[in-house]
Novice: 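Quick one: structure below, then a few questions.
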Amino acid sequence: MLERDFFLRNTHTVAQELLGKYLYRQIDGQLFRGIISETEAYHGPEDLACHCAKGKTPRTEVMFEKGGKIYVYLIYGMYDMLNFTTMEEGFPAAVLIRGVMQPEILQDGKFVPLPVKTDGPGKLTKHFRITRELNKNLIHPKTGLWVEESRIKPVEIIRTPRIGVDYAGPWKEKPWRYLIKKL
DNA sequence: TATACGATCACCT
DNA sequence: GGTGATCGTATAC
């Protein structure tokens, strides 16, 4: 599994290096995994697209803590969004996991394809059963959500502006969305 | 206490 | 291309 140190670095570095790694989810005796294929960086109090730009609140508090924890929040009244916090204590930042490819489930000791779409942040959390109960927990097998290395090295990664942040003024155009163009 | 709206998705035309 | 679902959070009173 990835150690906590991995997440204590610059948010953009983390967002980029998460691509191609395995996201694991264990719950109720089931084990899911998928290759992280799309992320977005939300970095620092000045980033108006980041929830943390409005200061520390009960919801965003975890982003101000030492990185390596899970930040899950509800959006549009129906979708849970999965984030991994980054950076050292005191600097609020997180990476939004927007999607994974090749979702699988462990069956009889081997991973088999899971016939669902996990190519959006809401779809990912729905199928991997990721909810706000995980909020503020460590990214670790004992909480049922963690990341592992894979042998996959993305051939080409592209950057685009982030999705759904039109309200963020000049920050909406920053190319802080990272996705695998070619495996 | 009340109100407005969002880091989305599925379904419609 | 557009819209409705649905509710926690932030903000305003």
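Predicted model only: the values in this text are computed from it and were never measured. Residue numbers start from 1 in every chain, and the chains themselves are labelled A, B, ... in the order their sequence lines are given, proteins ahead of strands.
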Novice: Same hydrophobic cluster for V165(A) and I163(A), using side-chain heavy-atom links shorter than 4.5 Å among ILVMFWY?
Specialist: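 V165(A) and I163(A): separate clusters.
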Novice: Please name the residue in the list M81(A), E40(A), K123(A) that meets the side-chain contact (heavy atoms from CB on, under 4.5 Å) test with R98(A).
Specialist: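 Only match with R98(A) under side-chain contact (heavy atoms from CB on, under 4.5 Å): E40(A).
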Novice: Does L96(A) reach a base, just sugar-phosphate, or nothing at all? Heavy atoms under 4.0 Å.
Specialist: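 Base, at least one base atom sits under 4.0 Å.
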Novice: R59(A) has an atom CZ; how far is it from atom P of dT11(C), in whole Å?
Specialist: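 Computing the R59(A):CZ to dT11(C):P distance gives 10 Å.
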Novice: Touch check for R162(A), heavy atoms < 4.0 angstrom, all strands: base, sugar-phosphate only, or nothing?
Specialist: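 Touches nothing.
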Novice: Below the 4.0 Å mark, does dT8(B) have OP1 or OP2 next to a side-chain nitrogen or oxygen of R98(A)?
Specialist: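 So the side-chain polar atoms of R98(A) do come within 4.0 Å of the phosphate oxygens OP1 or OP2 of dT8(B), strictly under.
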Novice: For dT6(C) and dA2(B), measure between their P atoms and round to the nearest Å.
Specialist: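 Approximately 22 Å lies between the P atom of dT6(C) and that of dA2(B).
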Novice: I want to check one thing: is the phosphate of dA7(B), taken as OP1 and OP2, less than 4.0 Å away from some side-chain N or O of H51(A)?
Specialist: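 It does, given that an N or O in the side chain of H51(A) lies less than 4.0 Å from OP1 or OP2 of dA7(B).
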Novice: Could you check which nucleotide pairs with dG8(C) in any of the strands shown, counting Watson-Crick or G-U wobble with both distances under 3.5 Å?
Specialist: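 Across any shown strand, dG8(C) pairs with dC5(B).
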Novice: Return the nearest nucleotide to the side chain of T60(A); candidates are dA7(B), dA10(C), dG8(C).
Specialist: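 Output: dA10(C).
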Novice: Between T11(A) and A93(A), which heavy-atom pair has the shortest distance, and what is it?
Specialist: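 In terms of heavy atoms, the two residues are closest at OG1-CB, 3.3 Å.
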Novice: Hey, does M81(A) reach any base, or is it just sugar-phosphate, or nothing, if we go heavy atoms under 4.0 Å?
Specialist: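 Contact class for M81(A): sugar-phosphate only.
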Novice: Say we look at dG1(C) and dA7(B): how far apart would their C1' atoms be, to the nearest angstrom?
Specialist: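 Looking at atom C1' only, dG1(C) and dA7(B) are 22 Å apart.
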Novice: With sugar-phosphate meaning primed atoms plus P, OP1 and OP2, does R177(A) contact a base, only sugar-phosphate, or nothing at under 4.0 Å between heavy atoms?
Specialist: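 Nothing, no heavy atom under 4.0 Å.
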Novice: Classify the side chain of Y76(A) versus the base of dA5(C) as yes if they form a donor-acceptor pair under 3.5 Å and no if they do not.
Specialist: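 Absent.
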Novice: Tell me the interatomic distance from D80(A), atom CG, to dC9(B), atom P, rounded to whole angstroms.
Specialist: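 In whole Å, dC9(B) P and D80(A) CG are 12 Å from each other.
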Novice: Determine whether a donor-acceptor pair (N or O, by modelled atom type, separation under 3.5 Å) exists between the side chain of E65(A) and the backbone of E89(A).
Specialist: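 Side chain of E65(A) to backbone of E89(A), a donor-acceptor pair under 3.5 Å: no, none is there.
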Novice: Classify G122(A) by what it touches in the nucleic acid, base, sugar-phosphate, or nothing, heavy-atom distance under 4.0 Å.
Specialist: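 Here G122(A) touches the backbone only, sparing every base.
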Novice: Check whether any side-chain nitrogen or oxygen of Y167(A) sits under 4.0 Å from OP1 or OP2 of dA7(B), and answer yes or no.
Specialist: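 Looking at the OP1 and OP2 atoms of dA7(B), one of them is under 4.0 Å from a side-chain N or O of Y167(A).
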